[in-house]
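Report on the structure given below.
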Amino acid sequence: MSGKVRVRFAPSPTGHLHVGGARTALFNWLFARNKGGTFILRIEDTDRERSTEESYRGIVDALRWLGLDWDEGPEVGGAWGPYFQSERRDGYRERAEMLTAGGKAYPCFCTAEELAERRQAMKSLGADPRYDRRCRDLEPGIVEELLSRGKPHVIRLKTSDEGVIEFTDIVHGKIAVPAEQIDDFIIVKSDGFPTYNFAAAVDDSRMEITHIIRGDDHLSNTPRQLLIYEALGARPPAFAHVPLIMGPDKARLSKRHGSTSIQQMRDEGYLPEAMVNYLALLGWSYDDSAQLFSMEELIEKFSLDRVSDKPAVFDYKKLRWMNGEYMKKRSVEDRVRLVMPHLEAAGLVKDPADGRMRDFVKRVVEVVGERLKMPQDIVELSDFFFRDEVEYDEKAAGKFLKRHYVGPAFRVLEDRLQTLHAYNEIGIEELMRGLAAEMGLKAGELIHPVRVALTGRAQSPGIFEVMALLGKEKVIERLARARRAYA
RNA sequence: GGCCCCAUGGUCUAGUGGUCAGGACACCGCUCUUUCAAGGCGGUAACGGGGGUUCGACUCCCCCUGGGGCCA
């Protein structure tokens, strides 16, 4: 392959950025970065009905959030622009006229009804319902007349029934389709707009795209696009069709399987680096063991020949695990920032948190430590730090607070904490262990009831850390309350 | 329906004619420990079926089955 690599990601702004689309974008981007090539963003907004500014914004934001920047495209420009198909219509019209003038395409005046009728007829004869090329050899005079009368028409590409259309896909290998399989398909619709295949092929050739990396769902479009390239007299790019992403039921991943848009995943607390890493591993692998890759490593190691050719099921559990791994790598400050909106939303922290509160949250985050897999986990993990009164989990309270020794033990503990000079983790631990020993209890037998009294739950971060952070006052108050309520 | 693609544990995958079929997530034990999480150790679990080719097939070929895609 000679020349500089040029790849593109070409979404339609008709919805959110789907995880499948995001992975396609990622593979293109990684390939470009690995090869020192150019990554182009092209917006395929020829469907004016469904394209929206909002979708466009959402897609662009999502790509940036993932860290996928483009060298040419909207907002950054480039020498091959414009990068919105809606602004490239003249180009499609010119190419279509060129092909028609050159005898490689022709206007077809058959109406949708006529076509449907003939298709039905062919079907009932047991034949494949394909266009019968009726308008292909119309007398030039008749064509002129119909055109001048303004009769609605489409433009079709002339195709041959002879031979096979063959190409080598980088991930699938040799692919061959019998030429007869493809009829004289439409390249320009009756409203003057290009069809998807035509617009894409024209743009890819004019933008000098060298490698088309896209979803498997476009595999069967490829022969048609190859035919367009040929008619245009352009050299076709290399193709790499990556397998689709499926839901657990092996059907194409869709909304009913869960969150499928990058925007949604972001709102749900997934970290971009986890998302990127997970997506990279869906359909690509480096070796027999590596799982965690930084963006730099991905760029360095990515290659198309290690892309799988089989569909992959999206596994939210593994993504969650990976998110936890990346959460651990984030600084405490980062985690505070991530966690804050959730504390606010839960009403545990009032909205613009002041400096004191931020400091406190920071210490909570430190105490919670690696238990945080998702930012929102903070609520369940630490609500007791923020509430005035704990809500007891009935099972936990029943199991630990009703023990006969709890009342007396708490009473002594309250007194000793009151006079404890070194009210810190170490001092508290010493005190607690000492007290347990004195009373002939195992440390756990004292600790568990204390945990329930302070947090309401049977599980929590380390109890000495919790006590230290909660503060002497609150700890004593909660111990007393639990004692009165249960013991 | 036609054409195209695909088939290793529940999931993501390594494997490119001779491996005890490896790793990761999930799951289950054990361990550490004040609980949970994390960590450490260990475990259950796979080559869809049938034909070939070959001394030998997960690996190559064909058929079937199953899944997916595109077009209709």
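All values below were derived from every heavy atom in this structure, side-chain atoms included, with hydrogens, water molecules and symmetry-related copies excluded. A, B, ... follow the sequence lines: proteins, then strands. Residue 1 opens every chain. Note that the structure is a prediction, hence the values are computed from the model and not measured.
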Between [N] and [M], how many Å separate the two [atom1] atoms, rounded to a whole number?
N	M	atom1	result
B:C70	B:C58	C1'	30 Å
B:A57	B:U16	C1'	12 Å
B:C61	B:U54	C1'	12 Å
B:U11	B:G50	C1'	28 Å
B:C64	B:A26	P	41 Å
B:U33	B:G40	C1'	13 Å
B:U8	B:C30	C1'	29 Å

Checking [X] now: which residues fulfil side-chain hydrogen bond (donor to acceptor under 3.5 Å, both in side chains) with it, not counting sequence neighbours?
X	answer
A:D217	A:R252
A:E430	none
A:S261	A:H16
A:H342	none

Fill in: Contact list for residues 283-302 of chain A, test ring-ring contact (aromatic ring centres under 6.0 Å, His included), sequence neighbours left out
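Only A:F27-A:F302, A:W284-A:F293, A:W284-A:F302 qualify under ring-ring contact (aromatic ring centres under 6.0 Å, His included).
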Indicate, with a heavy-atom threshold strictly under 4.0 Å, whether [X] touches base, sugar-phosphate, or nothing.
X	result
A:R130	nothing
A:A290	nothing
A:M246	sugar-phosphate

Of all residues at least two apart in sequence or in a different chain, which pass the side chain to side chain contact (heavy atoms under 4.5 Å, CB included) check with [X]?
X	result
A:I59	A:P11, A:L17, A:L63
A:S254	A:R256, A:H257
A:E180	A:D161, A:P178

Worksheet item: When you measure from every atom of RNA chain B, which of residues 181-203 of chain A have a heavy atom less than 4.0 Å away?
Response: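 Those residues are A:Q181.
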Worksheet, complete the sentence: Per-nt protein contacts along nucleotides 6-15 of chain B (heavy atom under 4.0 Å; B base, S backbone sugar-phosphate only, - none) come out as SSS--SBSSS
Discussion item. Does the protein touch nucleotides 32-41 of chain B at the base, only the backbone, or not at all? Give it as B, S and - per nucleotide, heavy atoms under 4.0 Å.
Written reply: --BBBSSS--
Tell me: [atom1] of [X] to [atom2] of [N], nearest whole Å?
X	N	atom1	atom2	value
A:I165	B:C70	CD1	C1'	14 Å
A:L226	B:C3	CG	P	20 Å
A:L244	B:C4	CG	C1'	13 Å

Discussion item. Strictly below 4.0 Å, N to O, side chains only: are A:D393 and A:K399 in salt-bridge contact?
Written reply: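 So A:D393 does not pair with A:K399 through a salt bridge.
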Worksheet entry | Below 4.0 Å: OP1/OP2 of B:C70 and any side-chain N or O of A:R252 |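 Yes, within the criterion.
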Discussion item. Going by purine N1 to pyrimidine N3 plus the second Watson-Crick contact, or the G-U wobble pair, all under 3.5 Å, which nucleotide sits opposite B:C20?
Written reply: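 Here B:C20 is not engaged in any pair, so there is no nucleotide opposite it.
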Fill in: Results of salt bridge (Lys or Arg N to Asp or Glu O under 4.0 Å) for A:D383 - residues two or more places apart only
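Counting only residues at least two positions away or on another chain, A:D383 forms a salt bridge (Lys or Arg N to Asp or Glu O under 4.0 Å) with A:R387, A:R457.
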Worksheet item: When A:T159 is tested against each of A:Q181, A:E230, A:R133 for side-chain hydrogen bond (donor to acceptor under 3.5 Å, both in side chains), which residue passes?
Response: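 That would be A:R133.
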Worksheet entry | Parallel, tilted or perpendicular, as decided by the 30° and 60° cut-offs, for the rings of A:H448 and A:F400 |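 Ring orientation of A:F400 relative to A:H448: tilted.
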